[in-house]
Asks: 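I am attaching a structure below and will ask some questions about it afterwards.
Model, not experiment: these values are computed from the prediction.
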Amino acid sequence: MIQKLRRQFVAVCMALVALVLAAVCGAAYHAVRQNIEDLSRQMLQQVLSEDSGRGGSSGVTIEIGGDQLLLPYFTVNIWGDTAYITGGTYADLEDTDALRDILSQCLAQGTTEGTISDYHLRYLIRDNGLYRKLAFVDMSMEQAMLARMIRSYLIIALAAMLVLLAIAVAASRWVTRPVEKAWKQQRQFLSDASHELK
């Protein structure tokens with residue numbers, strides 16, 4: 001009975017700890033992911049505002065953790081049925097099937113911003129009246145950062161669960177000690193009473 005009580009105590013403690021860890025890690029992941037996406041969007045807006053035609057902005061960077069990073073990007077102008085690259089860090093993309101596929105997927109979504117998962121790109125569209133200006137930024141770095149962060153969180157959560165399991169087992173012994181003592185005294189009393197009655 002005491003062992004069952006201890007197991008239930010440990011199970012309840014570990015369930016509560018797992019819920020708290022899941023909530024904390026989930027909130028932290030969501031906050032970091034939102035921050036990275038916002039930085040990516042800021043870069044897209046910066047690229048669109050600084051791009052002044054073919055060979056435009058070449059040094060557009062964002063700051064992550066104190067480091068200035070240049071994410072791979074490219075810009076495209078669409079004038080009627082004609083699309084041409086106006087700048088960026090991608091080479092040999094002009095007049096390729098990949099570019100046509102990227103643009104068709106982007107325009108088929110019908111939104112001014114979004115992602116193209118097939119190419120790991122985030123895009124932003126600005127309509128300038130006579131033509132549309134599109135900026136694309138590579139999401140591989142942000143996806144790698146998020147994957148690395150998930151691995152770190154899982155390792156931390158596993159280590160915390162093991163430490164807290166040991167603490168819960170020790171606490172279960174301490175908490176059930178008075179119950180165990182009372183149980184032993186009751187059994188001794190019944191044994192003594194039974195002996196006296198005989």
Side-chain angles (χ1 to χ4, degrees), residues 13-51 56-76 78 83 85-94 96-127 132-167:
C13 287
M14 294 311 293
L16 291 173
V17 165
L19 283 173
V20 170
L21 279 174
V24 169
C25 289
Y29 172 81
H30 180 71
V32 170
R33 181 175 164 223
Q34 194 66 42
N35 189 29
I36 290 173
E37 287 179 4
D38 288 345
L39 286 172
S40 187
R41 285 188 193 98
Q42 287 174 13
M43 181 175 175
L44 286 170
Q45 291 171 353
Q46 187 178 357
V47 165
L48 283 179
S49 63
E50 291 182 11
D51 181 32
S57 58
S58 60
V60 181
T61 60
I62 59 171
E63 184 174 336
I64 297 178
D67 297 326
Q68 291 291 329
L69 299 175
L70 174 64
L71 296 179
Y73 77 95
F74 65 96
T75 55
V76 176
I78 297 178
I85 294 180
T86 60
T89 58
Y90 282 72
D92 301 327
L93 197 59
E94 188 96 46
T96 61
D97 291 336
L99 178 62
R100 282 187 278 282
D101 191 32
I102 289 169
L103 292 176
S104 67
Q105 286 189 41
C106 172
L107 297 174
Q109 291 183 24
T111 58
T112 57
E113 66 176 77
T115 60
I116 302 170
S117 56
D118 292 348
Y119 293 92
H120 305 286
L121 292 172
R122 183 180 305 283
Y123 69 85
L124 181 66
I125 300 174
R126 182 178 294 159
D127 193 344
R132 283 183 287 184
K133 197 183 253 190
L134 293 78
F136 297 87
V137 68
D138 187 84
M139 297 189 316
S140 299
M141 186 181 294
E142 70 180 69
Q143 290 169 339
M145 287 175 67
L146 291 173
R148 198 166 49 243
M149 187 177 66
I150 288 172
R151 281 194 301 275
S152 299
Y153 283 175
L154 287 175
I155 291 168
I156 291 168
L158 181 61
M161 291 291 282
L162 291 174
V163 169
L164 293 169
L165 177 62
I167 292 170

Asks: Mind running side-chain contact (heavy atoms from CB on, under 4.5 Å) on Phe136 and Arg122 for me, showing each step along the way?
Replies: CA-CA 6 Å; Phe136 297 87; Arg122 183 180 305 283; over 6 Å; no
Asks: With rounding to the nearest 0.5 Å, note down the distance linking CD1 in Ile155 to CD1 in Ile150.
Replies: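 Between Ile155 CD1 and Ile150 CD1, I get 12.0 Å after rounding to 0.5 Å.
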Asks: How many angstroms lie between CG in Leu164 and CD1 in Ile167, if you round to the nearest 0.5 Å?
Replies: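 It is 5.0 Å, given to the nearest 0.5 Å.
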Asks: Rounded to the nearest 0.5 Å, how far apart are CG of Leu154 and SG of Cys25?
Replies: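 Answer for the CG-SG pair, Leu154 versus Cys25, is 8.0 Å.
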Asks: Nearest 0.5 Å, what's the CD-OG distance between Gln105 and Ser117?
Replies: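 Reported value, rounded in 0.5 Å steps: 7.0 Å.
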Asks: Dump the intermediate steps for side-chain contact (heavy atoms from CB on, under 4.5 Å) on Asp38 and Arg41, then the final yes or no.
Replies: CA-CA 5 Å; Asp38 288 345; Arg41 285 188 193 98; 3.2 Å; yes
Asks: A side-chain contact here means heavy atoms from C-beta on lying under 4.5 Å apart; do Leu107 and Ile78 qualify?
Replies: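 Yes - at least one pair of side-chain heavy atoms lies under 4.5 Å apart.
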Asks: Between Asp101 and Tyr119, is any side-chain donor less than 3.5 angstrom from a side-chain acceptor?
Replies: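 A pair is found: one side chain offers a donor N or O, the other an acceptor, under 3.5 Å apart.
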Asks: For Gly87, is there any backbone N or O sitting under 3.5 Å from a side-chain donor or acceptor partner on Thr75?
Replies: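 Checking the backbone N and O of Gly87 against the side chain of Thr75, a donor-acceptor pair under 3.5 Å is found.
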Asks: For a side-chain contact (heavy atoms from CB on, under 4.5 Å) check, start with the C-alpha distance between Met14 and Met161, then their side-chain angles and the critical distance, and finish with the verdict.
Replies: CA-CA 8 Å; Met14 294 311 293; Met161 291 291 282; 3.7 Å; yes
Asks: To the nearest 0.5 Å, tell me how far Leu165 CG sits from Cys13 SG.
Replies: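 It is 10.0 Å, given to the nearest 0.5 Å.
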Asks: For the side chain of Ser104 and the backbone of Arg100, is there at least one donor-acceptor N/O pair under 3.5 Å apart?
Replies: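 Pair found, side chain donor or acceptor close to backbone of Arg100.
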Asks: Would you name the heavy atoms of Tyr153 and Ala28 that are closest together and state the gap between them?
Replies: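 Shortest heavy-atom contact: OH-CB, 3.2 Å.
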Asks: Could you give the distance from CG (Leu124) to CE (Met43), rounded to the nearest 0.5 Å?
Replies: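 Here the interatomic distance stands at 12.0 Å.
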Asks: Could you please spell out the steps behind the side-chain contact (heavy atoms from CB on, under 4.5 Å) verdict for Leu146 and Ile36?
Replies: CA-CA 9 Å; Leu146 291 173; Ile36 290 173; 4.1 Å; yes
Asks: Grab the two heavy atoms, one from Ala83 and one from Leu103, that are nearest each other, plus how far apart they are.
Replies: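 Of all heavy-atom pairs spanning Ala83 and Leu103, the closest is CB-CD1, 3.6 Å.
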Asks: For Ile116, is there any backbone N or O sitting under 3.5 Å from a side-chain donor or acceptor partner on Gln109?
Replies: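 No, Gln109 side chain to Ile116 backbone: no donor-acceptor pair under 3.5 Å.
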Asks: From the options Leu134, Leu44, Thr111, Ile102, select the one residue that forms a side chain to side chain contact (heavy atoms under 4.5 Å, CB included) with Tyr123.
Replies: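 The passing option is Thr111.
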Asks: Would a 4.5 Å heavy-atom cut-off, applied to side chains only, mark Phe74 and Leu99 as touching?
Replies: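 Answer yes - side chains close enough.
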Asks: Do Glu113 and Ile125 have side-chain heavy atoms sitting under 4.5 Å apart?
Replies: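 No, every pair of side-chain atoms sits at 4.5 Å or beyond.
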